[in-house]
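Presented below is the structure to which this report refers.
The shown structure was predicted, so the numbers you read here are calculated from the model rather than taken from an experiment. The sequence lines fix the lettering, A, B, ..., with proteins before strands; numbering per chain opens at 1. Both backbone and side-chain heavy atoms feed into the values below; hydrogens, waters and symmetry mates do not.
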Protein chains: 2
Amino acid sequence: MTGVSISQFRELCQRHGLAVTHQRQVIFEALTSMPGHPSPEEVFERVRKKVPAISLATVYKAIHTFLDSGIFGEVSVHHGSLRVDRNISPHHHLVCTRCKSITDIEESDVEPVQLRRSLPAGFQVHRYAVEILGVCPRCSEQSQGNPDKQHY
Amino acid sequence: MTGVSISQFRELCQRHGLAVTHQRQVIFEALTSMPGHPSPEEVFERVRKKVPAISLATVYKAIHTFLDSGIFGEVSVHHGSLRVDRNISPHHHLVCTRCKSITDIEESDVEPVQLRRSLPAGFQVHRYAVEILGVCPRCSEQSQGNPDKQHY
DNA sequence: TCGCAAAGGATAATAATTATTAAATGCTTC
DNA sequence: GAAGCATTTAATAATTATTATCCTTTGCGA
């Protein structure tokens, strides 16, 4: 069912230098067993069934810990606040995962995306948006520090 | 400077069935004159210099009106709340712009992205994430209604 | 086992966004 | 150009999402 035993989780934590706590384990199990792309709120709802006393803040903290360690990824690089894109014509984005800056790239600068397999039947594609994820010059010259979070 | 005259804005509004108001025009001008991908807060700060009495809620509503009409786009399809991606291995996303659902697509299902021109010097690419934007089967069968917002 | 740094719990604070509602304004019709 | 209705604004209030605070508890190495 769950797929990850306590000893595996223990090992995972040790590898990333994290303390093994009961709530972290429960949160981890919830995350791995939930379909799709769960939100902190959803995780909290599920986790509190096992640990009724748990706090939402704990869930947030644990999730951020996992993200920082690269154990999980974050769906959207640019969440947090609505951003308006004045550029109506199709284009792509160059995204710095450190400073979160977004630069437009012309659509013609990238070869058209091609599928190898057909998509789920009935899905109408409007356009392809390519996000080029990496580290911008400014960020990479400072701080050879921690690897950035992974974004998916 | 601004680039968009009042008559052009007027025409734009009429084409989309929007009333022409002073605040909308100021917000529109602010949006078109700001570099990058402005947030509602930033727009508000700029706009209030011209119309001190304006409300942040008005800015939000005007922006949404513009987004709904497709006059502008939205940088991120999935903003609003943090979503955890349990899938650590590189992959792409199938995104429905109506219901905002996100489905994972294996990286191998898409031909590797290729650049036609070189990126800004010094940008270290980590990975390419392809967002396939469109309308999922469920959403497209219901509602032949309004075209969805445009996402960039 | 002891001690301390790290983590958790409760809750307040802040940020981001949306809803409500009354007053003001745009727009159509005459 | 005025009258009247629909839309928009402004001013909150309310929600939602997230983070900080502060004190207690716990994990884990010495």
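Atom-to-atom, CD1 of B/I63 to C1' of D/dT9 comes out at 15 Å; the value is rounded to the nearest Å. The nearest whole Å value for the distance from the NE2 atom in A/H22 to the C1' atom in D/dT25 is 15 Å. At whole-Å resolution of the value, CZ in B/R48 and P in D/dT9 are 17 Å apart. Rounding to whole angstrom units, CD of residue A/Q25 and P of D/dG27 are separated by 12 Å. The interatomic distance linking A/H16 (NE2) with D/dC28 (C1') rounds to 19 Å, in whole Å.
Note on B/Q14: every side-chain N or O is 4.0 Å or more away from OP1 and OP2 of C/dC27. Between A/T58 and C/dG9 there is a side-chain polar atom (N or O) within less than 4.0 angstrom of OP1 or OP2. When the side-chain nitrogen and oxygen atoms of A/Q23 are compared with OP1 and OP2 of C/dG9, one or more of them lie within a distance under 4.0 Å. Of the side-chain N and O atoms in B/S55, none sit less than 4.0 angstrom from OP1 or OP2 of D/dT12.
In this structure B/S118 satisfies the side chain to side chain donor-acceptor pair (under 3.5 Å) test with no other residue, sequence neighbours excluded. Every salt bridge (charged side-chain N to carboxylate O under 4.0 Å, His left out) that B/R48 has, sequence neighbours left out, goes to B/E45. In this structure, B/H92 has no side chain to side chain donor-acceptor pair (under 3.5 Å) partners at least two apart in sequence or on a different chain. Judged as a side chain to side chain contact (heavy atoms under 4.5 Å, CB included), and not counting sequence neighbours, the contacts of A/D109 are A/I105, A/E106, B/R117. Listed by chain and number, the residues in a side chain to side chain contact (heavy atoms under 4.5 Å, CB included) with B/Q114 are A/E111 (sequence neighbours excluded). Among residues two or more places apart in sequence or in another chain, the side chain to side chain contact (heavy atoms under 4.5 Å, CB included) test is passed with B/V51 by B/H22, B/V26, B/I54. Residues passing the side chain to side chain contact (heavy atoms under 4.5 Å, CB included) test with B/C136 are A/F123, B/C96, B/C99, B/R138, B/C139, sequence neighbours excluded. Residues passing the side chain to side chain donor-acceptor pair (under 3.5 Å) test with B/R46 are B/S33, sequence neighbours excluded.
Counting only heavy atoms from C-beta on, A/I54 has its side chain closest to C/dG9 among D/dA10, C/dG26, C/dG9. Ranking D/dC28, D/dA10, C/dC27 by closeness to the A/R10 side chain, first place goes to D/dC28.
Legend: ring-ring contact (aromatic ring centres under 6.0 Å, His included) pairs involving residues 95-122 of chain A, not counting sequence neighbours: none detected.
Nearest-nucleotide positions on DNA chain C for A/P52 and A/T65 put A/T65 closer to the 5' end.
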Protein-nucleotides 4-6 of chain C N/O pairs closer than 3.5 Å?
none

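Relative to the axis of its first five pairs, the axis of the last five pairs of the helix from C/dT1-D/dA30 to C/dC30-D/dG1 sits at 40°, rounded to 10 degrees.
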**Request:** Could you encode protein contacts along nucleotides 15-22 of chain C as a string, one character per nucleotide from 5' to 3', using B for base contact, S for sugar-phosphate-only contact and - for no contact, with a heavy-atom cut-off of under 4.0 Å?
**Result:** -SBBB---
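Proximity of A/Y128 to B/L133: side-chain heavy atoms (C-beta onward) are nowhere separated by under 4.5 Å.
With B/T97 contributing its side chain and B/G134 its backbone, the two residues share a donor-acceptor pair below 3.5 Å.
Of all heavy-atom pairs between B/L31 and B/P38, the closest is CD2-CG, 3.9 Å.
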